[in-house]
Amino acid sequence: MTVNRMKEVKHFINGEFVGSASGKLFDNINPATGQKIGIVHEAGAPEVDAAVNAARMALQGEWGRMPLAERADLLHKLADGITARFDEFLEAECLDTGKPQKLACHIDIPRGAANFKIFADVVKNVPTESFVLDTPDGQGALNYSLRKPKGVIAVISPWNLPLLLMTWKVGPALACGNTVVVKPSEETPFTTALLGEVMNQVGIPKGVYNVIHGFGPNSAGEFLTRHKGVDGITFTGETDTGAAIMKAAADDITDISFELGGKNPALVFADCDMDKAIEGTLRSAFANCGQVCLGTERIYVERTIYDEFVDRLKTGAETLKLGQWDDPKTDMGPLISHQHRDKVLSYYRKAEEEGATVVTGGSTPNMPETLAGGAWVQPTIWTDLRDDASCIREEIFGPCCHIRPFDSEEEAIALANDTDYGLATAIWTENSARAHRVAAQVDAGIAWVNSWFLRDLRTPFGGAKQSGIGREGGVHSLEFYTELKNVCIKL
Ligand code: NDP
């Protein structure tokens, strides 16, 4: 299917593309141009019901009985099916988000496909525990654990890395034998729909993968999280949305796994390799137009190298090329929507009101006429904000960062930890003792040293504090996607 033919995006329920009974539709907008590129069916309660019921039925059918090796094989075929249609996925993702193909063809699409293979392999190879228990009669008892699928998993995903973050959940869910109902962000419906086609192509049984489109509160997202047929909810998105979903899940004690917001620090020590620190921080602050949960919005630099760092990051930010997704020279696309641009620009204004020095950016760029209707903003760097300024405390999720000097390692750690969030940190130092010491003390789920976004999918991923609940990745994903059952046999 080409994106062209996908312009009308329907739900994918029980292996078929179906429209909404209500006839309700919403527009899909290309954020680079502001132009409409599709219409999307909006799910109401009946479509959510149908999707959850299809997922429940599939658990009882061929999928539920399928041997693990066969299931793992199918997931490998699914990954290969995505790769075979790489260009379609790439175009779909770039049109939905405006992100440059340079980024999406290295990150979004290949990692989206890899998520199916890695989890199929993990599930095939992970052992469970066993214990021999002494008993008074001297015969003992043998305990062993079985991993069972949890059931129907609701997957609620955001717009910043749509395919990657959705498959990061669907991959392990299916590998563990669950079925899913996915609610992508209404901003980015294309790749979830395209994946439905690949599911059918490779022979994933009907009802295993279902997609409903729509909005969050009082719409498809909320109907799904409140549905009694759902056994677990995995969500990536804003912390406030996580709180709303947690409340919805509480009524039926539905299990949750949350990857939420961040306000991530970078710590740049005087003993860093400055070239590496600048290159890495340019990516961590501005990649995907700053719309990466792991991105850096607070940069703390040792005072002796502060001026040089600020100058060089400014030069780097000013050389980033904003443009169309399919121009190979484009480094940065637009924000996801005009609504999000309004939010980011409100922080640009607030930073100045709160006393920031604008090192570069701070406004909207002049774009060529074809892109003038897009949600563009300038990459922006501030200095001189107080530690309690809103741009230091709140997640902005745009291409912007603040740089502040520090004088000691202790001060740097205290500043890094002075936040409600705890997702990721980047530490730049060539002193390995310092790297270990600081990494251990920053309150975050991930500490990168002399790197950023370097992800081994076997490792735990998730946030501390208000950045999430639970860990995904490798064997850690099994915690949420399976129920462990202990079998105790008296010998
Ligand atoms: P949102 O929280 O706005 O939305 C995420 C998803 O939840 C969307 O599909 C949304 O639907 C849906 N939703 C919204 N309200 C409800 C509700 N009450 N019940 C059920 N579903 C609901 O996040 P964004 O899409 O704006 O994504 C950006 C956020 O995601 C940032 O905060 C970022 O830090 C975080 N994020 C975290 C990551 C991590 O790993 N920790 C990774 C990537 C992003 P709709 O869009 O239709 O409103």
Side-chain angles (χ1 to χ4, degrees), residues 9 26-29 31 40-43 48 96-97 107-108 111 154-169 181-189 191-192 211-227 230 233-251 254 256-264 287-297 335-337 339-341 343-344 394-398 419-424 444-446 453 455 460-473 477:
V9 183
F26 59 93
D27 291 345
N28 186 21
I29 304 294
V40 189
H41 286 253
E42 182 184 338
V48 175
D96 258 354
T97 59
I107 305 254
D108 300 65
R111 287 205 199 172
V155 175
I156 309 216
S157 46
W159 42 256
N160 59 332
L161 297 150
L163 180 74
L164 190 159
L165 292 178
M166 183 259 297
T167 56
W168 176 243
K169 295 169 180 306
V181 179
V182 181
K183 208 299 276 173
S185 167
E186 89 275 4
E187 309 282 1
T188 52
T191 45
T192 37
V211 182
I212 43 143
H213 298 283
F215 299 83
N218 203 24
S219 177
E222 187 173 346
F223 299 153
L224 181 59
T225 53
R226 290 195 178 278
H227 201 290
V230 164
I233 304 167
T234 174
F235 166 74
T236 298
E238 287 179 23
T239 297
D240 286 350
T241 312
I245 292 177
M246 208 166 175
K247 286 178 192 138
D251 287 347
T254 309
I256 50 168
S257 165
F258 282 175
E259 294 180 359
L260 307 176
K263 187 75 187 176
N264 307 302
N288 208 34
C289 200
Q291 302 165 119
V292 182
C293 54
L294 305 162
T296 303
E297 292 192 1
L335 291 169
I336 189 67
S337 64
Q339 190 189 358
H340 189 50
R341 185 171 75 159
K343 174 183 161 186
V344 171
E394 296 162 22
E395 182 186 50
I396 302 172
F397 221 55
T419 172
D420 293 335
Y421 294 105
L423 190 52
I446 305 158
F453 215 109
R455 286 277 302 124
F461 177 89
K465 303 199 282 195
Q466 289 188 14
S467 287
I469 296 180
R471 292 292 180 272
E472 299 194 78
S477 290

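Start at 1 and go down the list; that is how both ligands and their atoms are numbered. These numbers come from the heavy atoms of this one structure, side chains and all, not from hydrogens, waters or symmetry mates.
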**Q** Distance under 4.0 Å to a non-hydrogen atom of P158: what atoms of ligand 1 satisfy this?
**A** 24 (P), 25 (O), 27 (O)
**Q** With rounding to the nearest 0.5 angstrom, report the CE to CD1 distance, M246 to I233.
**A** 10.5 Å
**Q** Enumerate the atoms of ligand 1 whose separation from the nearest heavy atom of T236 is less than 4.0 angstrom.
**A** 5 (C), 36 (N), 37 (C), 38 (C), 39 (C), 42 (C), 43 (C), 44 (C)
**Q** Where's the contact between L161 and ligand 1, heavy-atom distance under 4.0 Å: side chain, backbone, both or neither?
**A**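 Neither part.
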**Q** Nearest to atom 14 (C) of ligand 1, what protein heavy atom do you find, and at what distance?
**A** T241 CG2, 3.3 Å
**Q** Under 4.0 Å, counting heavy atoms only: does G214 come that close to any atom of ligand 1?
**A** yes
**Q** Under 4.0 Å from any heavy atom of F235, which atoms of ligand 1 are there?
**A**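 Here the atoms of ligand 1 in question are 2 (O), 5 (C), 6 (C), 7 (O).
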**Q** Below 4.0 angstrom from a heavy atom of P184, which ligand 1 atoms are there? Numbered from 1 as shown, please.
**A** 9 (O)
**Q** Between the candidates G295, A249, P189, S157, which shows the shortest non-hydrogen contact distance to atom 8 (C) of ligand 1?
**A** S157
**Q** Just going by heavy-atom distances, which of G445, G216, S185 is nearest to atom 13 (N) of ligand 1?
**A**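 Nearest heavy atom to atom 13 (N) of ligand 1 lies in G216.
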**Q** Is it true that a side-chain atom of Q291 and a backbone atom of I336 form a donor plus acceptor pair closer than 3.5 Å?
**A**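 Pair found, side chain donor or acceptor close to backbone of I336.
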**Q** Could you grab the distance from atom OG1 of T192 to atom NZ of K183, nearest 0.5 Å is fine?
**A** 9.5 Å
**Q** Spell out, as yes or no, whether a donor-acceptor pair under 3.5 Å connects the side chain of D108 to the backbone of P162.
**A**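 Side chain of D108 to backbone of P162, a donor-acceptor pair under 3.5 Å: no, none is there.
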**Q** Under 4.0 Å from any heavy atom of K183, which atoms of ligand 1 are there?
**A**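 Contacts of ligand 1 toward K183, numbered from 1: 8 (C), 9 (O), 10 (C), 11 (O), 45 (P), 47 (O).
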**Q** Going from CD on E238 to CD on Q466, what distance comes out if it is rounded to the nearest 0.5 angstrom?
**A**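 It is 12.5 Å, given to the nearest 0.5 Å.
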**Q** For F461, take its heavy atoms, then give the atoms of ligand 1 lying under 4.0 Å from any of them.
**A**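 Answer for ligand 1: 40 (O).
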**Q** Look up atom CD1 in I156 and atom OG1 in T236, then write down how far apart they are to the nearest 0.5 Å.
**A** 10.0 Å
**Q** Nearest protein heavy-atom contact for atom 24 (P) of ligand 1: which residue, which atom, what distance?
**A**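 Of the protein heavy atoms, W159 NE1, 3.3 Å lies nearest.
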**Q** Show the atoms of ligand 1 that are less than 4.0 angstrom away from any heavy atom in L165.
**A**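 Going through ligand 1 atom by atom, the ones under 4.0 Å from L165 are 42 (C), 43 (C).
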**Q** Any idea which part of V292 is under 4.0 Å from ligand 1, heavy-atom wise: side chain, backbone, both or neither?
**A** neither
**Q** Are the side chains of P189 and D96 in touch, meaning some heavy atoms are under 4.5 Å apart?
**A** yes
**Q** Could you tell me whether E472 and K169 have a side-chain N and a carboxylate O separated by less than 4.0 Å?
**A** yes
**Q** Among all protein heavy atoms, pick the one closest to atom 12 (C) of ligand 1 and tell me residue, atom and distance.
**A**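 Among all protein heavy atoms, the one nearest atom 12 (C) of ligand 1 is I156 CG2, 3.6 Å.
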**Q** My understanding is that we take every heavy atom of each candidate and find the minimum distance to atom 40 (O) of ligand 1. Doing that for Q339, E259, E395, E222, which one comes out nearest?
**A**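 Comparing heavy atoms across Q339, E259, E395, E222, the nearest one to atom 40 (O) of ligand 1 lies in E259.
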**Q** Identify the closest protein heavy atom to atom 21 (N) of ligand 1: which residue and atom is it, and at what distance?
**A**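 Atom 21 (N) of ligand 1 sits closest to the protein heavy atom G221 CA, 3.6 Å.
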**Q** Apply the test side-chain hydrogen bond (donor to acceptor under 3.5 Å, both in side chains) to residues W168 and E259: give CA-CA distance (whole Å), side-chain angles for both, the deciding distance (0.1 Å), then the verdict.
**A** CA-CA 11 Å; W168 176 243; E259 294 180 359; 3.1 Å; yes
**Q** Who's the nearest protein heavy-atom neighbour of atom 28 (C) of ligand 1, and how far?
**A** F397 CE2, 3.5 Å
**Q** Using a 3.5 Å distance criterion without hydrogens, assess whether the side chain of E297 forms a donor-acceptor pair with backbone atoms of F397.
**A** yes
**Q** May I ask whether G468 has any heavy atom positioned less than 4.0 angstrom from an atom of ligand 1?
**A** no
**Q** Students should be able to answer this: which protein heavy-atom is nearest to atom 35 (C) of ligand 1, and at what distance?
**A** G237 O, 3.3 Å
**Q** Atom OG in S337, atom NZ in K343: separation rounded to 0.5 Å?
**A**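 Interatomic distance, S337 OG to K343 NZ, rounded to 0.5 Å: 10.0 Å.
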**Q** Judging by distance only, is a nitrogen or oxygen of L260 under 3.5 angstrom from one on ligand 1?
**A**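 Between L260 and ligand 1 (N or O atoms, distance only) the closest approach is under 3.5 Å.
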**Q** Check this for me: K247, atom NZ, are more than 12 non-hydrogen atoms of other residues, nucleotides or ligands nearer than 6.0 Å?
**A** no
**Q** Rounded to the nearest 0.5 Å, what separation is found between the OG1 atom of T188 and the CG atom of L165?
**A**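 Output value for this atom pair is 9.5 Å.
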**Q** Please check this pair: side chain of K465 against backbone of T419, looking for a donor-acceptor N/O pair closer than 3.5 Å.
**A** yes
**Q** To check your reading of the model: name the closest protein heavy atom to atom 45 (P) of ligand 1, its residue, and the distance in Å.
**A** E186 OE1, 2.7 Å
**Q** Under 4.0 Å from a heavy atom of N160: which atoms of ligand 1 are those, numbered in the order shown and with their elements?
**A**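 Numbered from 1, ligand 1 contributes 43 (C), 44 (C).
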**Q** Any idea which protein heavy atom is nearest atom 42 (C) of ligand 1, and the distance to it?
**A**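 Atom 42 (C) of ligand 1 sits closest to the protein heavy atom C293 SG, 2.5 Å.
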